[in-house]
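Letters A, B, ... mirror the listed sequences (proteins, then strands); counts begin at 1.
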2 protein chains.
Amino acid sequence: MTLETLSTNKAFGGVQGVYRHDSRETGTAMTFAVFIPDHAPGEKLAVLWYLSGLTCTHANVMEKGEYRAACAAAKMIFVAPDTSPRGEGVPDDPEGKYDFGLGAGFYVDATQAPFAKNYRMRSYIERELPVVMAANFPVDMRRQGIMGHSMGGHGALTIGLRNPDTFRSVSAFAPIVAPGQVPWGEKALAGYLGADRAAWAGYDAVALMEGGARVADILVDQGDADQFLDEQLRPSLLERACNAAGQKATIRLQPGYDHSYYFISTFMAEHVRWHAERMR
Amino acid sequence: MTLETLSTNKAFGGVQGVYRHDSRETGTAMTFAVFIPDHAPGEKLAVLWYLSGLTCTHANVMEKGEYRAACAAAKMIFVAPDTSPRGEGVPDDPEGKYDFGLGAGFYVDATQAPFAKNYRMRSYIERELPVVMAANFPVDMRRQGIMGHSMGGHGALTIGLRNPDTFRSVSAFAPIVAPGQVPWGEKALAGYLGADRAAWAGYDAVALMEGGARVADILVDQGDADQFLDEQLRPSLLERACNAAGQKATIRLQPGYDHSYYFISTFMAEHVRWHAERMR
């Protein structure tokens with residue numbers, strides 16, 4: 001397995017890198033960003049996974065997320081994968097919309113043609129990229145947290161709930177908490193997994209929790225001026241599910257904030273510190 | 001004078017806005033970004049001007065500069081103008097290069113055809129935009145600092161040195177310190193001001209200082225892995241001029257850092273605090 005270095009820049013005493021490798025899961029080249037804080041030779045660092053939202057690549061949070069100061073202070077590696085396979089031959093949304101296909105992998109392993117071959121973002125994030133990380137970077141894989149934004153918040157919650165032994169902490173900005181109950185999710189899950197809703201439950205944080213899944217701790221921030229709040233995000237569904245399940249969770253409505261990286265960057269340092277406290 | 005609001009986003013408790021107005025100086029619509037920290041009704045805040053480098057608009061530092069946390073803490077307004085006039089009829093570099101014309105106004109008032117009509121970034125920054133700021137935002141114009149990056153570092157140094165009663169503090173990331181002695185500057189100053197070098201001295205920080213100009217305090221950070229260091233930036237020329245002039249200045253070489261916003265964002269909070277201390 002060869003890792004190609006696309007760029008490295010010194011930042012906050014560490015190194016912000018962008019890397020590419022040929023993914024077995026997606027059958028494509030995949031690009032991801034990693035920030036490695038300054039550290040002692042041989043030292044292994046905790047790792048925080050960040051899953052991005054619709055239309056994003058690895059670059060959005062790298063440029064606008066403002067995580068490096070907090071990660072440097074907490075000595076935590078920050079990994080930002082892409083949001084879908086890309087490249088010639090990778091099928092896109094038949095309607096050409098932003099909410100399915102390229103940039104919209106929804107962190108599932110697709111079962112439906114023509115998407116099943118490449119759209120394997122679940123296995124890519126859960127199985128393949130961790131091996132790449134462990135082989136190439138000074139990560140302590142016993143100390144992992146996961147977070148995400150919007151579609152990536154859905155990814156972080158579902159991956160966290162399915163892998164509670166791997167992730168000590170799960171946080172999200174403005175997550176899609178119940179894709180099976182909202183338009184973005186219904187389109188994506190039907191498209192990737194087929195019309196049978198029974199196949200969707202493993203990719204729905206609320207449904208997973210109703211089915212008994214738990215994770216150590218959850219933190220969610222949601223802006224109350226978010227244009228997608230009522231139709232697509234619906235954090236009250238997560239709140240209700242956590243209460244019913246006895247799941248430890250802090251779900252906060254932040255007045256005046258929208259769905260953008262201006263919102264994310266405002267609370268990023270606090271999320272990074274929250275994860276760091278849970279990885280000690 | 002009408003100010004059009006293009007966008008506002010809540011961030012770090014304040015508001016990041018983007019605005020447009022018709023500039024009398026440039027004869028074009030000009031776009032700029034302003035961050036207003038949370039503040040009490042009627043309270044006036046100090047203001048920090050940020051001048052961007054070649055190819056940039058108001059947006060680069062707004063997205064990648066990581067200044068909002070520090071400005072919110074210091075209660076300082078942050079203003080980021082564009083780097084040149086733009087629009088139909090604005091003449092660009094005849095060679096089509098990035099280092100002259102659009103995105104490369106060099107903060108001068110051009111005297112040469114066909115640039116003299118629109119390329120009036122000196123008067124735009126020194127005279128016109130301050131009036132717009134004072135009329136539309138809660139700024140305390142007695143407390144102003146100015147900073148910039150690369151070409152914008154040149155702008156901050158020269159505008160600061162020409163207006164020591166306006167700006168209490170001047171800082172720069174990787175500035176062009178002596179445009180009259182480096183290729184970027186020679187091309188720009190000749191193109192905008194003509195071949196007679198006597199006309200360039202007012203737009204060259206080192207020459208200004210040699211001519212007696214002083215400002216209260218200067219802070220410069222320069223990465224030693226900056227690809228433009230030796231040919232275009234040459235901070236030692238500024239260091240020598242400051243020493244000869246008895247100009248108070250801190251000029252630091254930062255090991256491993258390049259010319260990018262990964263470098264700028266690393267030291268941004270420190271610069272913001274440095275300005276804030278000088279505006280008390």
Side chain to side chain donor-acceptor pair (under 3.5 Å) partners of B:E277, counting only residues at least two apart: none

Contacts under 3.5 angstrom, residues 29-37 of chain B side chains, donor-acceptor by atom type, not counting sequence neighbours:
none

Any residue of residues 49-85 of chain B which, by heavy atoms, sits under 4.5 Å from chain A: B:M62, B:E63, B:K64, B:E66, B:R68

Contact listing (chain A partner; residues 257-270 of chain B; heavy atom under 4.5 Å): B:Y257, B:D258, B:S260, B:Y262, B:F263, B:S265, B:T266

Test item: A:K10 side-chain N/O and B:P255 main-chain N/O as donor-acceptor pair under 3.5 Å: yes

